[in-house]
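Dropping the structure in here first, questions after.
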Amino acid sequence: AWMDADFRRQLSARRERVEDAFEFEGRKVGRGSYGQVFKTKPRSCADAPAGDYALKQIEGSGLSMSACREIALLRELKHPNVISLKQVYLAHETRQIWLLFDYAEHDLWRMINFHASAKKCNSQVSLPPNFTKSIMHQILCGIHYLHSNWVLHRDLKPANILVMGTTSPERGRVKIADLGLARLFHQPLTPLTEIDPVVVTFWYRAPELLLGARHYTKAIDLWAIGCIMAELITDKPLFYCKQEEDIKTSSPYNRDQLERIFSVMGFPSQQDWRDLPHLPKYGDLVRNFGTGQQYARFSLGRHMSRSFGMSETSPEFRLLSRLLAMDPLRRPSAREALEDRYFLEEPRPAADVFNGFDIPYGKRDFISDSSDNKDDPARQQQSQPVHASLQQYQQSHQQALLLQQQQQQLS
Ligand SMILES: Cc1ccc(-n2nc(C(C)(C)C)cc2NC(=O)NCCCN2CCOCC2)cc1
């Protein structure tokens, strides 16, 4: 070996082992295609500041391409609204790679599901008036930072927008992450009948991608941010489309998803989107939809005003319709979106998106290894029978209601 044995022994003896520094047995909070994530605390002997950390054990062994990409990318990036890598551990014996992050207790997927379920139980949970505006502002700040460093996210969706919990010094701060294909966090509380994006969802994919655009662009990230904004306002995925269990087609063209987009937005005319006929799948589009006359009366304004009473003249709607321009060339850059009037008028966006309000969402649940059957990762989410998770959900929801009543009595 190129290093002399004695020196290697010295290095190995001195190397800090992740299991010596952190307690993570039985504290798995997520598992996906990229690896698994544990919620850990440093052991007293470790020199890491107190607090919760996320330890991600990267799938596979050795410096795989994805491990290199994640480490190389994250160690260069430093922004308050982007997940920050604190430390890398290389376990030489097992050739395992561990990444240490500040732990984020919440994410928009769980938060939006919580509010959607609360609505169904006819009990709204109160939120600060600038909740959506604060979250949108911080997502755009984080994406502006990534885009100015020529980093495209490519898979923005609620599950990848994390929010720091009450035990963190950054309480209520948005952290953009990329948890990988399958949603990395186990979510037993949501009844499995709910939308469970274990399979890859196309709900946030820009129309040009569905029509065969060959390259990701910054405008593709901005479209996804528009979808997230609408979902924050309505608690429903704007372009929700049922997904076939096994999406085998490798073709980017997804007729049902396009149909859903047109039934909300209307069909793009030549004036709306000059370059549309040059997209690879334009032929399929014409074959499936003709001239799109059947969507002539649909528009985003009509959809948002009929289903959510949103005024088409409000700054909120105007920003939303800019982000959801069908033609990617007409979408604003992250900076232009941040300069929109929406963020300049009262109430202003807050650094803590909960604005000091109590946080009603539960903490993440630990995954027991038994339920986490490895052979079929897509099924791992079905670890709890529905009734158990419903029961648990109702309990945690009752707690949230009690909390809210106490809060109202106090205020
Ligand atoms: C192959 C690969 C995979 C992921 C990334 N990646 N990219 C990013 C962006 C947002 C900078 C683009 C973040 C990550 N990794 C990541 O979020 N990791 C998960 C962080 C886990 N959370 C930390 C906070 O607490 C909850 C768990 C890059 C390359």
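Numbers here are sequence positions counted from 1. Order of listing sets the numbers, starting from 1, for every ligand and every atom in it.
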Under 4.0 Å from a heavy atom of Arg69: which atoms of ligand 1 are those, numbered in the order shown and with their elements?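 Taking each heavy atom of Arg69 in turn, ligand 1 has 1 (C), 2 (C), 29 (C) under 4.0 Å.
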Do Tyr34 and Gln57 have a side chain donor and acceptor closer than 3.5 Å? no
At less than 4.0 angstrom from any non-hydrogen atom of Leu77, what atoms of ligand 1 do you find? 11 (C)
Logged contact type for Asp102 with ligand 1, heavy-atom cut-off 4.0 Å, is backbone
Classify the ring geometry between Phe262 and Phe289 as parallel (under 30°), tilted (30 to 60°) or perpendicular (over 60°). perpendicular
How about Phe22 and Tyr53: are their ring centroids closer than 6.0 Å?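 Yes, close enough.
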Residue part near ligand 1, for Ile83, under 4.0 Å between non-hydrogen atoms: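 It is the side chain that gets close, since no backbone atom is under 4.0 Å.
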What atoms of ligand 1 come closer than 4.0 angstrom to any heavy atom of Tyr34?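 In order of number, 3 (C), 4 (C).
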Quick check on contacts: which atoms of ligand 1 are under 4.0 angstrom from a heavy atom of Tyr103? 25 (O)
Is Asp221 salt-bridged to Arg154, going by a charged N under 4.0 Å from an acidic O?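 Result for this pair is no, no salt bridge flagged.
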So, for Tyr361 and Phe114, is the gap between ring centers shorter than 6.0 Å?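 Close enough - the centres of the two rings lie under 6.0 Å apart.
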Which segment of Ala177 sits under 4.0 Å of ligand 1 when only heavy atoms are counted: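 Near ligand 1, Ala177 shows its backbone as well as its side chain.
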Is it the side chain, the backbone, both or neither of Val29 that has a heavy atom closer than 4.0 Å to ligand 1?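 Val29 to ligand 1: no contact under 4.0 Å from either part.
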With a 6.0 Å cut-off on the ring centroids, do Phe267 and Trp273 count as close? no
Judging by distance only, is a nitrogen or oxygen of Leu179 under 3.5 angstrom from one on ligand 1?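 It does not: no N or O of Leu179 is found under 3.5 Å from an N or O of ligand 1.
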Does Asp178, backbone or side chain, put an N or O under 3.5 Å from an N or O of ligand 1?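 Looking only at distances, the answer is yes, because the N/O contact criterion of under 3.5 Å is met.
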Salt bridge or not for Glu70 and Lys56, using N-O below 4.0 Å?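 Looking at Glu70 and Lys56, the cut-off is met.
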